[in-house]
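Given the structure is predicted, the values throughout are model-derived calculations rather than measurements.
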Amino acid sequence: MGLFKINRALLPFKVHYFFKNGGSAFLSFLAPMANQRGISAAGVGIIWTAHTFVGSLCNILFGSLADAYRMHRLLLIGICGLLASSYTMFFVLPAIPQANAQAVDTLLSAQCRSSEISLELCFNEFHSNNYSSFLTCAIGQVEEVSLKEDSVGFQCFTNGKKEVEINFKRGYLPFKNDTELIENLGEKCITVNENDITGLFRKDYEIACNEDIYLQCKNNCKNLESEPIPVFELLVTTEFWLNALCIIFIYVSIDASSSLADTMCFVVLGNDRHKYGKTRMFGALGWGVMGAIMGGLVNLVSKDQSNINYTPAMVITAIFLFFNLVFTTTIRVDVPGKQATNSSGIKVSFPLASMLATALVQGSAMGFIWTFEFIYMKSVALKWDPEFSDSNLLQGLCVGMDCFVGEVPFFFFSAFIIKKLSNEHTFSLTLAAMSVRLLLCSFIKNPWVFLLAHLFHGLAFGVFIANMVSYANFLAPKGSQATMQSTAMAFFTLGKSLGSFGGGLLLEKCGGSKAFLTMGLIVSCYAVVHTTVYLCQTCIKRRKTQGEYQYPTDQEKMEKMDVEESLDT
């Protein structure tokens with residue numbers, strides 16, 4: 001029965017983590033939805049860079065205010081309200097005004113030679129605009145940029161008579177890459193065989209291929225998308241800033257509410273700080289379950305539609321964040337204020353600097369993985385099998401493993417790991433797991449092996465977050481817990497930004513495999529230095545105190561501090 005015993009004091013936190021993270025699972029759709037609204041990739045990059053720095057500063061600010069005025073509960077409720085209202089506002093904001101895309105006329109002549117039904121598409125007048133219009137469609141089709149079957153082709157006329165349609169089959173392009181396209185710009189004719197085209201003629205009009213027939217055609221790029229608005233033009237639109245502010249508020253609210261809730265949760269945990277992961281596990285459960293449900297419903301309702309329909313995910317998010325706000329009001333915990341001896345607040349120490357540096361390094365690795373792993377995974381899959389069609393399935397399995405095989409069980413067992421190894425050596429374990437994951441990814445040839453790499457997510461992220469948060473609480477002077485929690489999370493968030501930025505440069509310069517190898521070696525070197533320093537420090541202190549007392553472990557320090565706090569009370 002003890003296994004199913006419910007801690008009523010922690011129940012409001014478990015409900016809060018579940019509903020907040022379950023609703024916040026919409027984060028996966030924020031970037032693609034912003035892009036669908038007309039915000040270019042450069043615009044999305046600007047917003048995501050801005051929210052990282054703004055979020056980090058606001059997180060520290062809210063933590064400091066909560067500690068200074070002991071208003072943790074009031075701030076948490078207000079920030080959860082801001083999260084719900086920011087999401088709601090984002091859902092109803094207008095898209096960026098776009099210029100209507102139009103296909104440019106392309107002067108071509110087509111020759112139907114004998115019974116082979118092969119065509120030569122030749123430019124009568126070689127103009128860059130004509131050719132680039134055709135290539136825009138063709139390249140888009142090869143890269144599968146939301147182009148449907150038969151979307152690239154020509155509408156042709158024979159001496160002003162009835163229309164003839166010439167459409168390429170999906171995936172056909174005479175040149176395999178941009179380099180070949182540039183090399184062949186001077187060639188005015190493209191030969192198209194019967195196997196490469198579909199819907200060659202209308203049903204009511206057939207042409208016998210017993211003689212050469214000359215056609216006059218124009219480009220028929222049926223699904224040609226608008227060119228993205230240049231970033232400088234984008235920055236002067238009101239719609240861009242409204243979308244950007246909502247996204248920034250969403251991320252600020254998620255980070256700040258996490259830090260404040262964690263601070264209050266540790267007050268309830270008391271002597272069992274290391275068991276924080278068992279409570280935080282409900283957040284991972286909410287994220288994984290609702291993320292999968294949202295993704296499935298969005299795919300279902302978006303079938304056969306030109307644009308993705310995010311309505312089901314929006315509704316789920318609104319409901320979950322409303323209930324999160326309601327249940328957050330049931331959290332009633334008073335965080336102790338500062339003692340007179342600790343009035344100076346947080347002081348810089350070696351353990352603190354080490355923890356923040358580790359948060360920065362691990363955050364950089366996670367930011368790199370979260371930003372570029374699926375892009376790299378797709379390229380590996382296409383090299384392994386050019387016709388690989390299970391990319392979405394593989395990515396879904398990876399996300400599911402991260403949640404149900406990684407975060408949920410390792411959050412649950414994090415207490416055992418931290419208690420056995422101590423905080424510092426748990427950091428070494430999580431760094432080693434991250435190193436192995438990155439290095440393994442760099443050598444993958446078969447895309448299904450990525451599932452094996454995701455087995456390390458629980459140690460690399462789940463145990464790391466539980467350890468970082470509990471250690472930050474342990475290092476914080478009494479009355480400065482929220483400030484310390486916010487600072488630790490801010491360094492992790494800054495690391496994610498650095499990982500995304502630096503990883504993008506590595507990917508562009510070295511390619512996916514070498515980029516993952518480089519990141520893996522960087523984390524490995526830091527892991528070796530971190531572990532070596534702490535082992536040497538422990539040995540030196542034990543030698544100095546040999547015969548006097550044994551150097552206390554982190555767990556012993558925690559227990560001693562708890563006893564002192566109870567005596568003060």
*Run the salt bridge (charged side-chain N to carboxylate O under 4.0 Å, His left out) check on Arg437 and Glu373 step by step: do they pass?*
CA-CA 11 Å; Arg437 180 178 179 179; Glu373 185 184 32; 3.7 Å; yes
*Would you confirm whether the ring centroid of Phe282 sits within less than 6.0 angstrom of the ring centroid of Trp287?*
no
_Taking the six-membered ring of Phe90 as reference, does the cationic atom of Arg37 (NZ for Lys, CZ for Arg) lie under 6.0 Å from its centre and within 45° of its axis?_
yes
*Derivation and outcome, ring pair (Phe, Tyr, Trp, His ring centres under 6.0 Å), residues Phe29 and Phe26*: CA-CA 5 Å; Phe29 303 114; Phe26 193 90; 5.4 Å; yes
*List the atom of Leu285, the atom of Phe404, and the distance in Å for their closest heavy-atom pair.*
CD1-CE2, 4.0 Å
*How long is the span from the CE atom in Met377 to the CG atom in Leu382, to the nearest 0.5 Å?*
12.5 Å
*Are Lys20 and Ser257 linked by a side-chain donor-acceptor pair shorter than 3.5 Å?*
yes
*With a 3.5 Å cut-off and no angle check, do the side chains of Asp262 and Tyr17 form a donor-acceptor pair?*
yes
*Taking the inter-plane angle between the rings of Tyr276 and Phe266 on a 0 to 90° scale, is it parallel (under 30°), tilted (30 to 60°) or perpendicular (over 60°)?*
parallel
*Kindly say whether Thr358 contributes a backbone atom to a donor-acceptor pair with the side chain of Tyr526 at under 3.5 angstrom?*
yes
_For a quick check under 3.5 Å, do Asn59 and Asp255 share a side-chain donor-acceptor pair by atom type?_
no
_So that I know where these two stand, are Phe516 and Phe443 an aromatic pair - ring centroids less than 6.0 Å apart?_
no
*asked:* Is the distance from the ring center of Tyr376 to that of Phe450 below 6.0 Å?
replied: yes
*Aromatic ring pairing His457/Phe461, orientation class (parallel under 30°, perpendicular over 60°, tilted between)*: parallel
_Could you measure the distance from the NZ atom of Lys278 to the CZ atom of Phe416? Nearest 0.5 Å is fine._
11.0 Å
_Name of the residue among Thr279, Thr330, Asn21, Thr328 meeting side chain to side chain donor-acceptor pair (under 3.5 Å) with His16_ = Thr328
